[in-house]
Peer 1: 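A single structure is presented below for examination.
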Amino acid sequence: MSAKPLPDEEPLLRASALTRLYGERIGCRDVTFELYPGEVLAIVGESGSGKTTLLDCLSTRLAPTAGIVEYRMRDGTMRDLFRLTEAERRLLMRTDWGFVHQHAADGLRMSVSAGANVGERLMAVGERHYGDIRGTALDWLSRVEIDESRIDDTPRAFSGGMRQRLQIARNLVTNPRLVFMDEPTGGLDVSVQARLLDLLRGLVSDLGLSVIIVTHDLAVARLLSHRMMVMRHGKVIETGLTDRVLDDPQAPYTQLLVSSILQV
Amino acid sequence: MNAQADTATQAGEGEYNFAYLDEQTKRMIRRAILKAIAVPGYQVPFASREMPMPYGWGTGGVQVTASILGRDDVLKVIDQGSDDTTNAVSIRAFFEKTAQVATTTRTDEATIIQTRHRIPEKALKEDQIIVYQVPIPEPLRFLEPRETETRKMHALAEYGLMHVKLYEDIARHGHIATTYAYPVKVDGRYVMDPSPTPKFDNPKMHEMDALQLFGAGREKRIYAIPPHTAVESLDFEDYPFEIQKFDRPCAICGAENVYLDEVVLDDRGGRMFVCSDTDHCEERRAAGHTGEAGGIPLKGEETAR
Amino acid sequence: MRTRLRLADVGKSFKMHLQEGAELPVVADVGFSVAAGECVVLGGPSGAGKSSILKMIYGNYACEKGRILITADGGETVDIAAAQPRRMLALRRSTIGYVSQFLKVIPRVAAVDIVAEPLVSQGAARDEAREKAMTLLRRLNVPERLWRLAPATFSGGEQQRVNIARGFIAHYPVLLLDEPTASLDAENRAVVVDLVQGKKADGVAMLAILHDEDVRERIADRIIDVSAFKAAA
């Protein structure tokens, strides 16, 4: 069964025995996986399962207690993320990565206009032409279905769904290859959620993004992700294709999670 | 300048040490100044002292001046270009009392010029030092209130945020509406707040012959621009930096291409525009220049009003 | 004809952890193969495990025992029972197609785009894929006014036809059909029969579940009775 290598055989990100302890308490333990270009991986589990700790370690927002996270840089080299210089790491975070927070206020500058929120990353990498920055911002606003006339309004004047879409535009403007998402639809009305999910699904497939999304909502995982990791007590207890995990869950806890979904 | 240690006995009156601050403090501040000169535009923290005046009255500038002042120095103090406003008068009096140095209102006679919100119109020379009073030294604070974060941004030269501010200006006003405290990049490295001087004065900072020192007392920061250093005002390619333009000359001395203050003359809308730099204006009038208002008597003569 | 799909000693049971670990046997010792250009129909009463077999082949159910070998167009053979999720996704893109009983509706995506998507993900240009999608929708008598709408509000029959168009638009060497004609009228059943004949001519290996005797008669080359694989309870 010598399987031929698939295209993009090189992983984009690799976590090896990633562990984060909070004193005696376990944040996440011994997490090992690879993420390939274009893959959407959902990390699911209930509150306290360690999924957000894991996301924070993967995105270098939190230093792990043990283990390694490696990332394939744009030049093709695989680098240990916690051995990057701070300048390299921050550049990575604002160019090749995105991070979509659950609360848009954590990911937006609430006191500056929508246009400046989208344009900030461009200015951070040296774009110095106002007209070009504004043009790109307008383009992105329309891609996330925000009316162009709102470009000079601050996000304070936006609804929850619009803020979230603005946050997505702000992250995607530098064409990142990897986007981390922490409960991106949490706290939104169901109808607003559906629109956001649909938008995300389209953007992810059009742009060929790799995504690691943390959610407790299995419907979100089903709609967006290719693969799933189920976490409990800081450990990954089941992984696999999203539809396999949801339709034929193996671990007792996964069966419980799946059976708890309300059927409408 | 001759900033040798002056002991209290040498100071004469025995009440104050020379220039008020004790010698240890002055040495500490001088070390901060030297570091600031070595790293142009970088904000050096220093142990700012309580001064016998409230914060906001130039306590940072006063400490810098006190630390570099020598017996032979001639001091000029201006507030918004004027030598005779309260802040300038009281700081001048402070150093006359505590250091007995000579003071002047003439720009070219001064060896040290402490200023609030202006740079004199006359080009400064290499044997002069200008000391700016700074209220908020951190140019990034407008958009990033976390000091830990702004320090990191300076360290890594991450200055995209500064352009976000300028972007907002253009988006809201159609042009860069920031007219004072207009951010500059010093020696191609650190972005710096030039203190609340009008942006009209920004070009004067570029390659200036004199040493420029900045002191923020409440915020405990000192920074500097050494002589002959590149100072570039931030802008966009399609919205280049521009200084304020005045469509008329000074009403008193007829000077053009200088920064003008608006003076309200009466309650019927009467007003005139006059030099903000009072010394510059007087010098021109002494040389026989007059503006449209003409005939306003020189200082020392009987006032018309 | 060369073998495209082979199952050997495949077994599956569900372990119900929420019901004190009860074992629910599904199938055991499943062994058969499907050749290129052949349509094999799984027979047997409902509950015999026909759908479970299809789902294991598609990677939707875990295969506990045995091997499921599939040969891709390049000649490479992969054991699905042991394949990594990433390889399974690649197989689903290029090698195994699946026409389920129900359309998985995606909010706000137009019928024509839902149909075109498998071709696009195989690398076809979007316009070209849409052209082909429209041809198929027309052939399956889906009214043109519906093409630009999201199928959430379509009737069951209309949704099923959109689903069939989506399942048949792209070329897969192996195609799994789960009751593709369940809610269709005679005219559209005939279209499906035509589509299947076309796939046969293209050398596609098909494995189907079909209760419609008439359709089964017309497309089945062999019928395998799944009851024979019934696991001892």
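Throughout, a chain's letter reflects where its sequence line sits, starting with A, and its residues are numbered from 1. Scope of the values below: all heavy atoms of this structure, side chains included, with no hydrogens, waters or symmetry mates.
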Peer 1: So which pairs with a foot in residues 186-197 of chain B pass side chain to side chain donor-acceptor pair (under 3.5 Å), sequence neighbours left out?
Peer 2: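 Residue pairs with at least one partner in residues 186-197 of chain B: there are none.
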Peer 1: How about CD on Glu147(B), more than 12 heavy atoms from neighbouring residues, nucleotides or ligands closer than 6.0 Å, or not?
Peer 2: yes
Peer 1: Is it the case that more than 12 heavy atoms not belonging to Lys35(B) sit under 6.0 Å from its NZ atom?
Peer 2: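 Counting other residues, nucleotides and ligands, NZ of Lys35(B) stays at 12 neighbours or fewer.
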Peer 1: Between Leu122(A) and chain B, with a heavy-atom cut-off of 4.5 Å, which part of the residue counts as in contact: side chain, backbone, both or neither?
Peer 2: neither
Peer 1: Looking at Ala124(A), Gly119(A), Gly126(A), Gly115(A), which one has more heavy-atom pairs under 4.5 Å with chain B than the rest?
Peer 2: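 Most heavy-atom pairs within the cutoff with chain B belong to Gly115(A).
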Peer 1: Do the side chains of Tyr167(B) and Arg134(A) get nearer than 4.5 Å, heavy atoms only?
Peer 2: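 SC-SC contact between Arg134(A) and Tyr167(B) confirmed.
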Peer 1: Which pairs with one or both residues in residues 138-172 of chain A pass ring pair (Phe, Tyr, Trp, His ring centres under 6.0 Å), sequence neighbours excluded?
Peer 2: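 Applying ring pair (Phe, Tyr, Trp, His ring centres under 6.0 Å) to every pair that reaches into residues 138-172 of chain A, excluding sequence neighbours, yields nothing.
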Peer 1: Is atom CD of Gln244(B) surrounded by more than 12 heavy atoms (other residues, nucleotides or ligands) closer than 6.0 Å?
Peer 2: yes
Peer 1: Please say whether more than 12 non-hydrogen atoms of neighbouring residues, nucleotides or ligands are located less than 6.0 Å from CG in Asn257(B).
Peer 2: no
Peer 1: Which bit of Leu143(B) comes within less than 4.5 Å of chain A, counting heavy atoms only: side chain, backbone, both or neither?
Peer 2: both
Peer 1: Please table the atom pairs, donor to acceptor, closer than 3.5 Å between any side-chain atom in residues 170-177 of chain B and protein atoms at least two apart or in another chain.
Peer 2:
from	atom 1	to	atom 2	distance (Å)
Arg172(B)	NH2	Glu168(B)	OE2	2.8

Peer 1: Do Met162(B) and Met123(A) come close enough that some side-chain heavy atom pair is under 4.5 Å?
Peer 2: no
Peer 1: Quick one: does Phe236(B)'s side chain get under 4.5 Å of Ile133(A)'s, heavy atoms only?
Peer 2: yes
Peer 1: Tell me the residues of residues 54-92 of chain A whose non-hydrogen atoms fall below 4.5 Å from those of chain B, in number order.
Peer 2: Glu86(A), Ala87(A), Arg90(A)
Peer 1: What is the distance from atom CD of Glu120(A) to atom NE2 of His163(B), rounded to the nearest 0.5 Å?
Peer 2: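 Nearest 0.5 Å value for the CD-NE2 distance: 12.5 Å.
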Peer 1: More than 12 heavy atoms of other residues, nucleotides or ligands under 6.0 Å from OH of Tyr55(B): yes or no?
Peer 2: yes
Peer 1: Look at the side chain of Asp238(B) and the backbone N and O of His129(A), then say whether any donor-acceptor pair between them is shorter than 3.5 Å.
Peer 2: no
Peer 1: What part of Arg121(A) gets closer than 4.5 Å to chain B, counting heavy atoms only: side chain, backbone, both or neither?
Peer 2: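 Neither part, no heavy atoms under 4.5 Å.
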